[in-house]
Number of protein chains: 2
Amino acid sequence: MKVATVYDVAAHAAVSIATVSRVLRRPDDVRESTRERVLASVQALGYVPSASARCLAAQRTGVLGLFFPGIDDEDDGGEAPFVQDLSVSMVVDAAGGSEVAPPNLSFDGVLRGSEREAWRQGFALMVGVGRDANPADMLRDIAGRVDAVAVLAGSVPDELLKHVSRRIPVVLIGGPRRCAEMDFDHVSVSNREGMRALTAHLLENADATDLAFVAGPADSPDSAERYQGFVEALEGAGFDPATATILQGDFSRIRARRLAETLLATGRMPRGLVCANDRTALGMLDVLVPAGVRVPEDVIVTGFDGIEAGRLSTPRLTTVYQPMVELGRAAIRAMLSRIEHPDQPPITARLPVKVLLRESSEGTLPA
Amino acid sequence: MKVATVYDVAAHAAVSIATVSRVLRRPDDVRESTRERVLASVQALGYVPSASARCLAAQRTGVLGLFFPGIDDEDDGGEAPFVQDLSVSMVVDAAGGSEVAPPNLSFDGVLRGSEREAWRQGFALMVGVGRDANPADMLRDIAGRVDAVAVLAGSVPDELLKHVSRRIPVVLIGGPRRCAEMDFDHVSVSNREGMRALTAHLLENADATDLAFVAGPADSPDSAERYQGFVEALEGAGFDPATATILQGDFSRIRARRLAETLLATGRMPRGLVCANDRTALGMLDVLVPAGVRVPEDVIVTGFDGIEAGRLSTPRLTTVYQPMVELGRAAIRAMLSRIEHPDQPPITARLPVKVLLRESSEGTLPA
DNA sequence: TTGAAAGCGCTAACAA
DNA sequence: TTGTTAGCGCTTTCAA
C-alpha cells in the first residue's frame with residue numbers, strides 16, 4: 001500500500017494533475033463540480049501533498065528557522081526504558097527540594113514569540129536549540145530547509161554566517177550592533193542602556209559604591225554589552241571602572257553558586273553584586289541567603305532578563321526585564337521583511353527594556 | 001546573483017553532479033583529491049544543499065512533527081512597532097503585580113524532551129502549537145513535511161488522524177488507551193492511577209470526605225481519565241461518587257478563579273477541591289487565599305501536572321507530577337520505532353507519575 | 001572511482 | 001475551465 005500522490009488523485013478523479021494542484025492551491029479557478037470530485041478523491045485516497053515536492057517546485061519552503069545553539073543546560077537522561085513497573089509513587093515534597101524543577105530557560109519567551117508570529121504569518125518554524133556536537137552542521141542543515149534563519153549572535157563563526165547567507169537571509173538575535181562590514185539584519189534589546197540605568201540607580205540611591213560585576217561567558221556579546229553599561233554608569237558617577245571587581249560567571253546558576261561560595265570563603269564581599277543575568281543572580285541568592293548574608297542590607301544582588309523565577313525568589317530579584325516574546329516576534333518580522341524586500345538596507349531593531357526594582361536591591365518596597 | 005546548486009558546484013569543480021552528491025553523502029566513496037576539490041568549490045560558491053530537493057529524491061524528510069493545537073492561551077499582541085523611542089524605563093515592581101509574567105505552559109516540558117531526543121537521533125523537529133483558526137489545515141500542512149507526527153490526543157477528529165496516518169505514522173500523546181479499532185501508537189502517563197492515589201490519600205489521611213472535582217474541558221481525554229481515578233478512589237473508600245460535586249473548568253487559571261468566586265458567593269464550599277490540573281488549582285488559590293479561606297485547614301486544594309508555579313505558590317500545591325520531558329522523548333522514540341518497523345504491533349507507553357504532597361493538602365510538612 | 005540518466009511529486013506557464 | 005509539459009535540485013542505480 002503506497003502513499004497517494006497527485007497522479008493517484010488525478011486518475012481517481014479522472015482529471016489531470018494540474019487540476020488536482022489547482023483545487024488545492026486556487027480552488028476558485030476550478031469548476032465547482034470538478035472541485036468536489038477531486039476533493040472526494042483526496043478523501044478517498046487519504047492524500048496529503050508532499051511538502052518536499054511542493055517546495056522544490058515553488059522555490060520556497062514556507063518555513064523559517066531559529067537557531068540557538070548550546071543553550072539547554074540540562075544534562076542528558078540517556079536511554080530511558082519504555083515501560084516501567086510502578087505507575088504511581090508518592091512522596092512528601094518538603095519545601096526546599098527541587099528534584100522535579102525544570103530549568104527556566106530564558107529563551108523560552110523568544111521561542112514562543114517566534115512560534116506565534118511565524119504561524120500568524122503563514123509560516124512554520126523550525127527550531128534548532130543545539131547542545132549538539134556540531135553547531136555548524138546543524139545550522140547548515142536548517143539553512144537548507146528554510147526560507148530565512150535567525151541566529152543567536154555570537155553563537156557561530158562569521159564565516160559560517162556568510163556562507164549560509166548566500167543561500168537565505170540571516171537575522172542576528174541579541175548582542176551589539178554589528179560592525180560595519182557585516183550588514184546582517186539584527187534584532188536586539190537595549191542591553192547597555194538597561195544595565196547602565198540599573199547601575200546608575202544603585203550608585204545614586206543606595207550607598208552602594210563598591211559594586212562587582214558578575215559576567216557571563218567570555219564570548220557572549222550580550223554579557224559584554226551589559227558590562228559596557230555597567231562601566232558607563234560607574235564613569236558617569238565619577239568612579240574608576242578599573243577598580244570594580246569582575247567575577248567570571250557563565251550565565252548558569254550552578255557556576256554562580258560556586259562564585260558565591262568563594263566570595264564567602266575569602267570574605268571579600270562587595271556591597272553589590274551586579275549579575276549579567278538572572279540565573280546568575282539567583283545562584284548568588286541560593287548561597288548568600290542561607291549563609292545569613294542579608295540581601296539587600298548587607299549585599300545588593302541584581303540580575304538581568306526578567307525571568308519568572310526572579311519574581312518568585314526570596315528576596316525578589318531586582319532586574320532588567322527584556323521583552324523576550326517581542327524579540328522573537330521581531331526576528332520573524334525581520335526575516336519576512338527581508339524576504340519580501342531583498343534589497344532594502346539592513347534592519348536594526350533595538351527593543352526597549354525595563355528596570356524592575358524589587359527587594360533584592362531596594363529594602364522593603366511600598367505596597 | 002543566484003543561489004548555488006549541485007550543478008554550479010559540479011561545473012566549478014569539473015566533476016559530475018553525482019560526484020558532488022557523493023562527496024556530501026558518502027565521502028569515502030570519492031577519491032581524496034576529488035573530494036577536496038569539490039569541498040573547495042562548495043566553500044567558494046557558498047553552497048547549501050536544498051532540503052526540498054534532497055528529501056524529494058530520498059523519499060524521507062528527516063523531520064518529525066509535534067502537534068499541540070489550542071494550547072497557548074496568551075492573547076495576541078497584534079502588530080508591534082519596530083522602533084520605539086525610549087530604550088529603558090524604570091518601575092518599582094512591588095510584590096503582587098505580575099505585568100511581565102509569562103504563562104507557564106505545561107507542555108513546555110514535552111516540547112523540550114521531544115526537541116532534545118529528536119536531534120539526538122538525527123532528526124529535526126517541527127512543532128505546531130496551534131491556537132490557529134484551523135487545526136486541520138495546520139496538521140495536514142505539518143503532515144506533508146515530516147516522516148511521522150505526534151498529536152495531542154483528543155485535539156483533532158479521528159477522521160483526520162486516519163487520513164493523515166495513510167501518509168505517515170501518527171503517535172498519540174496523552175489521554176486514555178485508545179479503543180480497539182484505532183490502533184495508533186500511544187504514549188501517555190498514568191492519569192487515572194495518579195489521581196486515584198492522590199484522592200485515596202486525601203480520603204484516608206485527612207477528614208476530607210466532602211470532595212469536589214474541578215474538571216478540565218469536556219473533550220479532554222486527560223481530564224476524563226483523571227476524573228475516572230477520582231471516582232475509583234471514592235468508590236474504593238465506600239463513597240458514592242454520584243454525590244460528589246463536579247465543577248466544570250477548562251484547564252485555565254482564569255476560569256478557575258471564576259469558579260472559586262462562585263463557590264465563595266454561594267457558600268457551598270467543599271472540604272477539598274481536587275482539580276484536574278495545576279493551573280486550575282492555582283486559580284482557586286488566587287481567589288480563596290486572599291478571601292481569607294485557609295488552605296488546607298478550611299479547604300484542601302490539589303492539582304495535577306507538577307508545574308513549577310505550583311512549587312512556588314503559597315501554599316505550595318499538592319499535585320501529581322507528570323514526567324513531561326520523558327513523555328516528549330517517548331513520543332519521539334515511538335515515531336522512530338514505527339518508522340523503522342512499520343509492521344510491528346501498536347506501541348503503548350504508559351509513563352509513571354508521582355504524587356507530590358505539599359502544604360495545600362498536608363498542613364505543615366516536616367522539614 | 002566517476003558519469004549518465006531516470007525519477008522523486010509538485011507547480012506554473014502555455015495551449016487548447 | 002482544463003490539460004500538456006517543462007522544470008525545481010537532488011539521489012541513486014547502472015554503466016563505463
**Q.** Flag side-chain contact, heavy atom, 4.5 Å: Q59(B) against S52(A)
**A.**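 With C-beta onward as the side chain, the pair stays apart.
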Integer-rounded Å distance: [N] [atom2] and [X] [atom1]:
{"X": "D28(A)", "N": "dT2(D)", "atom1": "CG", "atom2": "P", "answer": "13 Å"}
{"X": "L24(B)", "N": "dT12(D)", "atom1": "CG", "atom2": "C1'", "answer": "15 Å"}
{"X": "R145(A)", "N": "dC10(D)", "atom1": "CZ", "atom2": "C1'", "answer": "13 Å"}
{"X": "I17(A)", "N": "dT1(D)", "atom1": "CD1", "atom2": "C1'", "answer": "17 Å"}
{"X": "Q59(B)", "N": "dG9(D)", "atom1": "CD", "atom2": "P", "answer": "19 Å"}
{"X": "D29(B)", "N": "dT11(D)", "atom1": "CG", "atom2": "C1'", "answer": "13 Å"}

(Q) salt bridge (Lys or Arg N to Asp or Glu O under 4.0 Å), that's the test. Do R120(A) and E117(A) meet it? Break it down for me. (A) CA-CA 5 Å; R120(A) 254 172 58 104; E117(A) 186 72 11; 3.4 Å; yes
Q | Steps toward salt bridge (Lys or Arg N to Asp or Glu O under 4.0 Å) verdict (E326(A), R329(A)) | A | CA-CA 5 Å; E326(A) 262 318 309; R329(A) 302 183 65 184; 3.5 Å; yes
Could you go through nucleotides 14-16 of chain D and list every protein N or O atom that sits under 3.5 Å from one of its N or O atoms, giving the distance for each pair?
none

Kindly say whether [Y] contributes a backbone atom to a donor-acceptor pair with the side chain of [X] at under 3.5 angstrom?
{"X": "D147(A)", "Y": "T61(A)", "answer": "yes"}
{"X": "S165(A)", "Y": "L161(A)", "answer": "yes"}
{"X": "R338(A)", "Y": "Q344(A)", "answer": "yes"}

Q.
Check this for me, if you would: do R145(B) and D141(B) make a salt bridge, where the nitrogen-to-carboxylate-oxygen distance has to be below 4.0 angstrom?
A. yes
Q: Would you grab the first and last nucleotide of DNA chain C (5' to 3') that comes under 4.0 Å of any non-hydrogen atom in chain A?
A: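 The footprint of chain A covers dG9(C) to dA13(C).
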Q | Minimum-distance nucleotide (side-chain atoms of L56(A) versus dG9(D), dT11(D), dG3(D)) | A |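 Side chain of L56(A) sits closest to dG9(D).
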Q: Examine dT2(D): is either OP1 or OP2 under 4.0 Å from a nitrogen or oxygen in the side chain of S16(A)? Give yes or no.
A: no
Q) Is the shortest side-chain N/O distance from T19(A) to OP1 or OP2 of dG3(D) below 4.0 Å? A)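 Result: yes.
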All N/O donor-acceptor pairs, side-chain side in residues 149-157 of chain A, below 3.5 Å, sequence neighbours left out:
{"from": "S155(A)", "atom 1": "OG", "to": "L152(A)", "atom 2": "O", "distance (Å)": "2.6"}

**Q.** Terminal axes of the helix from dT1(C)-dA16(D) to dA16(C)-dT1(D) (five pairs each): angle between them, nearest 10 degrees
**A.** 30°
Q.
What's V15(A) touching, base or sugar-phosphate or nothing? Going by heavy atoms closer than 4.0 Å.
A.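 The residue V15(A) makes sugar-phosphate contact but no base contact.
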**Q.** Touch class at under 4.0 angstrom, heavy-atom based, for S52(B) against every strand present
**A.**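 Here S52(B) touches no strand at all.
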(Q) Using a 4.0 Å cut-off on heavy atoms, which residues in residues 4-13 of chain B reach DNA chain C? List them by number, or say none. (A)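 Residues of residues 4-13 of chain B that come under 4.0 Å of DNA chain C do not exist, since none gets that close.
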Q: Could you tell me which non-hydrogen atom of P346(A) sits nearest to which non-hydrogen atom of D185(A), and how far apart they are?
A: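 Taking every non-hydrogen atom into account, CA-OD1, 3.4 Å.
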(Q) Please find the pair of heavy atoms, one from L45(A) and one from H12(A), that lie closest to each other, and give the distance. (A)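 Smallest heavy-atom distance, with atoms named: CD1-CB, 3.8 Å.
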Q | Contacts of type side-chain contact (heavy atoms from CB on, under 4.5 Å), residue A18(A), not counting sequence neighbours | A |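 With sequence neighbours excluded, A18(A) shows a side-chain contact (heavy atoms from CB on, under 4.5 Å) to S16(A), R22(A), given in chain and number order.
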Q: With DNA chain C as reference, determine whether A57(B) or R35(B) sits nearer its 5' end, using the nearest nucleotide of each.
A: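 The residue whose closest nucleotide sits nearer the 5' end is R35(B).
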Q: Apply side chain to side chain contact (heavy atoms under 4.5 Å, CB included) to I173(A) and F68(A), showing your working.
A: CA-CA 9 Å; I173(A) 300 186; F68(A) 272 59; 3.9 Å; yes
Q.
For K162(B) and E159(B): C-alpha separation, side-chain torsions, deciding distance, then whether salt bridge (Lys or Arg N to Asp or Glu O under 4.0 Å) applies.
A. CA-CA 5 Å; K162(B) 274 282 218 317; E159(B) 184 82 344; over 6 Å; no
Q: Could you check A18(A) against A58(A) and say which one's nearest nucleotide on DNA chain D is further toward the 5' end?
A: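 That would be A18(A).
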Q.
Let's go through L64(B) and V146(B) carefully: what are the C-alpha distance in whole Å and the side-chain angles of both, what is the deciding distance for side chain to side chain contact (heavy atoms under 4.5 Å, CB included) to 0.1 Å, and is it a yes or a no?
A. CA-CA 5 Å; L64(B) 299 177; V146(B) 300; 5.6 Å; no
